[in-house]
Amino acid sequence: MEYNPREIEQKWKSWWEQNQVYKVSNESSKPKYYVLDMFPYPSGSGLHVGHPLGYIGSDIFARYKRMSGFNVLHPMGYDAFGLPAEQYAIQTGVHPAQATAINIARYREQLDKIGFSFDWSREVQTCDPKYYKWTQWIFLQLFNHWYDNSIAKARPIEELVAIFEEKGTGNIQAASSEPLAFSAAQWQGMSPKEKDDALMNYRIAYRKTTYVWWCEDLGTVLANDEVKDGVSERGGHPVERKPMLQWSLRITAYADRLLSDLDTVDFSDSMKKMQSNWIGKSQGAQMFFELDNGAGQLEIFTTRPDTIFGATFMVVAPEHDLVKQITTPDQAQAIADYLAYVNTRSERDRMSETKEVSGAFTGAYALNPFNGEKIPIWIAEYVLKDYGTGAIMAVPADDERDMRFAKKFNLPIVEIIDKSMYPGATIEDKQGKMINSDFLNGMEVMDAIEAVLQRIESMGIGHRKINFKLRDAIYSRQRYWGEPFPIAYDENGVAHALPENELPLELPVLEDFKPASGAKSPLARAEDWVNFKPGWRRETDTMPGFAGSSWYFLRYMDSDNDQAFASQKAINYWQDVDLYVGGTEHAVGHLMYSRFWHKFLYDKGLVPTKEPYKKLMNQGMIQGVIENIYLQKEKVNGKSKFVCAKIAEQKNLDDYVKIPVLVDYIADYGLQDSHLDLEGMRNFIAWRPEYADAIFECGSGTFENSTFNPSGDVGNLKFQTVSEVGKMSKSKYNVINPDDVVEKYGADCFRMYEMFLGPIEQAKPWDTKGISGVSSFLRKLWGLFYSESGKFLVNEDEPTKEELKVLHTCIKKISEDIERFSFNTCVSGFMICVNELRTLNCSKRVILDELVRLVGPFAPFTAEELWHQLGHETSVCEADFPKVNESYLVQDTIAYPVSINGKKRDLVELPAGMSKEELEKAALELDKVQKWLEGQAVKKVIVVPGRMINIVV
RNA sequence: GCCGAAGUGGCGGAAUGGUAGACGCGCUGGAUUCAAAAUCCAGUAUAGGCAACUAUGUGUGGGUUCGAGUCCCACCUUCGGUACCA
């Protein structure tokens, strides 16, 4: 029988399906293990070879765990709401639901070809009303809770109302948008709308006017992490700051827990660092400066209260509420001009010139609370409205930005820290002795911070405060293709939660998906839906992409449940995700949000663990190779002219532009010598007919009008292209579809090759030049079972000691390497094993039976076929993973490297049981050693039994 | 700028402080073949040598150690994250 991957794959794919081999039960006596992949957004371009990398790794691990006695949950689904489908709908009129369904079907087909052990009966799609009913339900829980800082826990909003009824805001410690204070009587006297506004200040899901990233081209608001480098992450459209009434989630209430619980999870250090940077905790003081005209106070936040005597000016954010109040008539024009300037600047402008300082003087002064000195108040872009209090005391001597500002505007600089005894200490380091600082003089910085904090608190002009960089998550999107908010507003504009029995609130049917006028969601056009009862109107914004993905891992536990997002029984059985595999691009966004939701659900007692993901594995991106040819900028006789990379490099590259070529046409793709051959050239011209009459010049001749004119005796056209590594994307014409690879080499080969490329967490460019090695490995494996003439070779002979050693060496390596996610070395371990068994001519059942089980997680189709050839009736995934028997690995002799002064000089085979002394003696007697020693005195001999011998002279 | 990861043959990469370059690709030679593909065998870090062998060698410079790709210090380069966070 010949090895025919295509046939085998067809056969076992349907067999697995019929026998529901991958269906997982929530009832099991086995210990549970949950392996989760970050679910994909089903884009229109389908999967490329980069996507499955992580899926293959997690699939191997899931299969391995399953064979090792665990009940393994390994599901898959789709993050199916999102902008691209909607943009597509605007362009083509195809309803997003329809486009999404088509894309999902395509993804499914592609995934199925690769042989994953997903339990598809648990599939989730975030755009399915049966799913988003529960996204809406969790949102309502967030809406109906507030966060009590005194017990660090979310509590029902009714309890807050009860507190207000009884004693007003009193001394509650609630996470809030702004500090509020009212008595019970005041509360009782409030109108419904006023009460609603007051409660909004505390709800975890709340509505507030905030400065948001508005993206005009997309017609929607974006979250912080959806904006990169001043443009939208998707599509690269410009964004601007704009105040808008938006739903937000009070993730800041959980900032401290999100930070400290990082210690309890097994994420990479870099991942933890990214998260903690994003949370950005800093300790300092919040303090008040009186304004010199007695008109009030300026509140600032600083981590360096010790530097207060060096504060020669104050800076407030241009959007700060106080700006209008304090600006003096003299300065009104200057401030107005500056504010106008700030408004014209896009985020991109601001970012591109971060070192440029700009600002304006308000004319007002604050007073230093310790010595009463007048400090001018400025406004400047570099102080941000949303961080701290939106105002700082500027200490030019001890802060680089303040220094630049002071220099530009000629403001005084007062040295306050003597760093002379700390050479090399930078301006930011908290080292040195205080000078020019009144009662702090002579103190070390750290002591001064403490001393001044105590003074500030005793004087009642401020208090210690912890600040976070993390900001509340903007939760509104002015889009159609997302979860509708289960919220409606009454005549007074008071927000009401929809009753649970009205969930899900489904998206209305629409035909026009363009944003409605006034920066409103297209949903505003569905008037019947919006004005569903007299005087009331529904919220027309929809939820962002991270809504559905923040809790999907819980839904897989019990995906059909229509009574709860998942039953408590299922949740208590599966608990949390043991292994989560995905890309680093979700480091801050998705991971932060889902950890936050999980903590909220934990507060509610709905999930048993504080963290959703125990261990996180980040797979590296598979990059594409972009292949370009050089087009000369100047035309020749009106014709376009291309030259090959070699010629262009010899001339001036500035005279050429790079034109990307569809990689399918390239010969020796990804190699140094990648080029277009005659056929590739013809394909290129057919693909880009505008270049049909162009001239192509390269070392081997010229190509024009579909004809190759060789120069000299070089027979073939070889038009060198220039390769660069970059993202795999449609626009770069370098997308490699896994289907094509599977078609050519088989799914098992594709799986093993992706693993063989290198460590899974490392980024690497895709190239297929090594794939033939993996392909021939699979054939060799097959060859242990069937001879070339098709004879079944498996026999019942007793295995030899050597054969057992080969097998168990492999078992040991594979088990150890799977545990540390080193899948690339697993593949080489298999190759060694199969090569050695072939050399030994071993086709013994006892050996092969274990080998097939070992290969099962990596090459499930081939393993399944061979497993059945061995006479088994059930699936190989239900078999036990082989266990190493160390006794087969014991060696009779050991090859000892003998070194002199650490340099290897000889290699000697010695019996395994020799003692240190015997080994030393044997080593010293070696001819080569004698020759090297040449009478020199041996100072020391180091013997590590089983490893090496080193002689020191 | 700051934070993190990584620099090893022609290439992808391997190596609990203990034989650097496993495994695979590519390349060279050979077998098989009318021929090719496929397959099989041998070789393949660099320099010198017919060879045995010798010297050098894991980004650079120091250090620790009997022994360093691996640990420590400084620096260089690449990639990822982040960016006026007070």
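A, B, ... follow the sequence lines: proteins, then strands. Residue 1 opens every chain. Just the heavy atoms: all of them, side chains too, but no hydrogens, waters or symmetry mates, feed the values below.
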Provide the distance between the two [atom1] atoms, one in [N] and one in [M], to the nearest whole Å.
N: B/G63; M: B/G57; atom1: P; result: 15 Å
N: B/C25; M: B/G43; atom1: P; result: 15 Å
N: B/G69; M: B/G21; atom1: P; result: 12 Å
N: B/A6; M: B/C72; atom1: P; result: 12 Å
N: B/A68; M: B/G59; atom1: C1'; result: 16 Å
N: B/U58; M: B/G17; atom1: C1'; result: 15 Å
N: B/A86; M: B/C71; atom1: P; result: 32 Å
N: B/C50; M: B/U39; atom1: P; result: 36 Å

Any chance CD of A/E909 has more than 12 other-residue heavy atoms, nucleotides or ligands included, within less than 6.0 Å?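 Result for CD/A/E909: enclosed.
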Could you tell me whether A/E819 atom CD has more than 12 heavy atoms of other residues or ligands within 6.0 Å of it?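 Result for CD/A/E819: enclosed.
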Pairs meeting criterion salt bridge (charged side-chain N to carboxylate O under 4.0 Å, His left out) with involvement of residues 302-322 of chain A, two or more places apart: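 Sorted result for residues 302-322 of chain A: A/R304-A/D306, A/R304-A/D398.
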Could you give the [atom1]-to-[atom2] distance, from [X] to [N], as a whole number of Å?
X: A/M271; N: B/C3; atom1: CE; atom2: C1'; result: 13 Å
X: A/F777; N: B/A38; atom1: CZ; atom2: P; result: 20 Å
X: A/D927; N: B/A52; atom1: CG; atom2: C1'; result: 14 Å
X: A/F468; N: B/C85; atom1: CZ; atom2: P; result: 18 Å
X: A/M621; N: B/A5; atom1: CE; atom2: C1'; result: 14 Å
X: A/I379; N: B/C84; atom1: CD1; atom2: P; result: 18 Å
X: A/I466; N: B/A86; atom1: CD1; atom2: C1'; result: 16 Å
X: A/Y387; N: B/A83; atom1: OH; atom2: P; result: 14 Å

As an exercise, state the distance from CG of A/D748 to CE of A/M752, rounded to the nearest 0.5 Å.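 Answer for the CG-CE pair, A/D748 versus A/M752, is 8.0 Å.
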Quick one: CD on A/E585 to CE on A/M621, what's the gap to the nearest 0.5 Å?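 A/E585 atom CD to A/M621 atom CE measures 8.0 Å (nearest 0.5 Å).
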Contact under 4.0 Å: [X] side-chain N or O vs [N] OP1/OP2:
X: A/Q762; N: B/G13; value: yes
X: A/W782; N: B/U39; value: no
X: A/R404; N: B/G1; value: no

Nearest of B/G13, B/C85, B/G4 to any side-chain atom of A/K764?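 Nearest nucleotide to the side chain: B/G13.
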Which nucleotide, B/U56, B/A86, B/U82, lies nearest any side-chain atom of A/K903?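 Selected nucleotide: B/U56.
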Between A/Y753 and A/Y745, is the ring-ring contact (aromatic ring centres under 6.0 Å, His included) condition met? List the steps. CA-CA 10 Å; A/Y753 182 62; A/Y745 298 96; 8.1 Å; no
Indicate syn or anti for B/G9, taking the glycosidic torsion and treating anything within 90° of 0 as syn.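 Glycosidic conformation of B/G9: syn.
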Return the nucleotide paired to [N]: Watson-Crick means purine N1 to pyrimidine N3 with N6-O4 or O6-N4, wobble means G-U with N1-O2 and O6-N3, both under 3.5 Å.
N: B/G67; result: none
N: B/A15; result: none
N: B/A51; result: none
N: B/U44; result: B/G26
N: B/U60; result: B/A74
N: B/A83; result: none

How would you label the contact of [X] with the nucleic acid (heavy atoms, under 4.0 Å): base, sugar-phosphate, or nothing?
X: A/R471; value: base
X: A/S268; value: nothing
X: A/K928; value: sugar-phosphate
X: A/P759; value: sugar-phosphate

Verify ring-ring contact (aromatic ring centres under 6.0 Å, His included) between A/F313 and A/F405, making sure each step is shown before the conclusion. CA-CA 10 Å; A/F313 58 102; A/F405 196 84; 5.3 Å; yes
Check against salt bridge (Lys or Arg N to Asp or Glu O under 4.0 Å), A/E400 and A/R404: CA-CA 6 Å; A/E400 213 240 310; A/R404 266 186 280 131; 3.4 Å; yes
Select from A/V588 and A/L757 the residue whose nearest nucleotide in RNA chain B is closer to the 5' end of that strand.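 The 5'-side residue here is A/L757.
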RNA chain B: A/T584 or A/K469, which has the more 5' nearest nucleotide?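 With A/T584 and A/K469 compared, the 5'-side residue is A/T584.
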With sequence neighbours left out, write down each residue that passes side-chain hydrogen bond (donor to acceptor under 3.5 Å, both in side chains) with A/H586, or none if nothing qualifies.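 Once residues adjacent in sequence are excluded, A/H586 has no partner under the side-chain hydrogen bond (donor to acceptor under 3.5 Å, both in side chains) criterion.
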Letter by letter from the 5' end, nucleotides 16-24 of chain B scores (B base, S sugar-phosphate only, - none; protein heavy atoms under 4.0 Å) B-BB--BBS
Indicate whether any N or O donor in one side chain lies under 3.5 Å from an N or O acceptor in the other, for A/T252 and A/D472.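 A/D472 and A/T252 do have a side-chain donor-acceptor pair below 3.5 Å.
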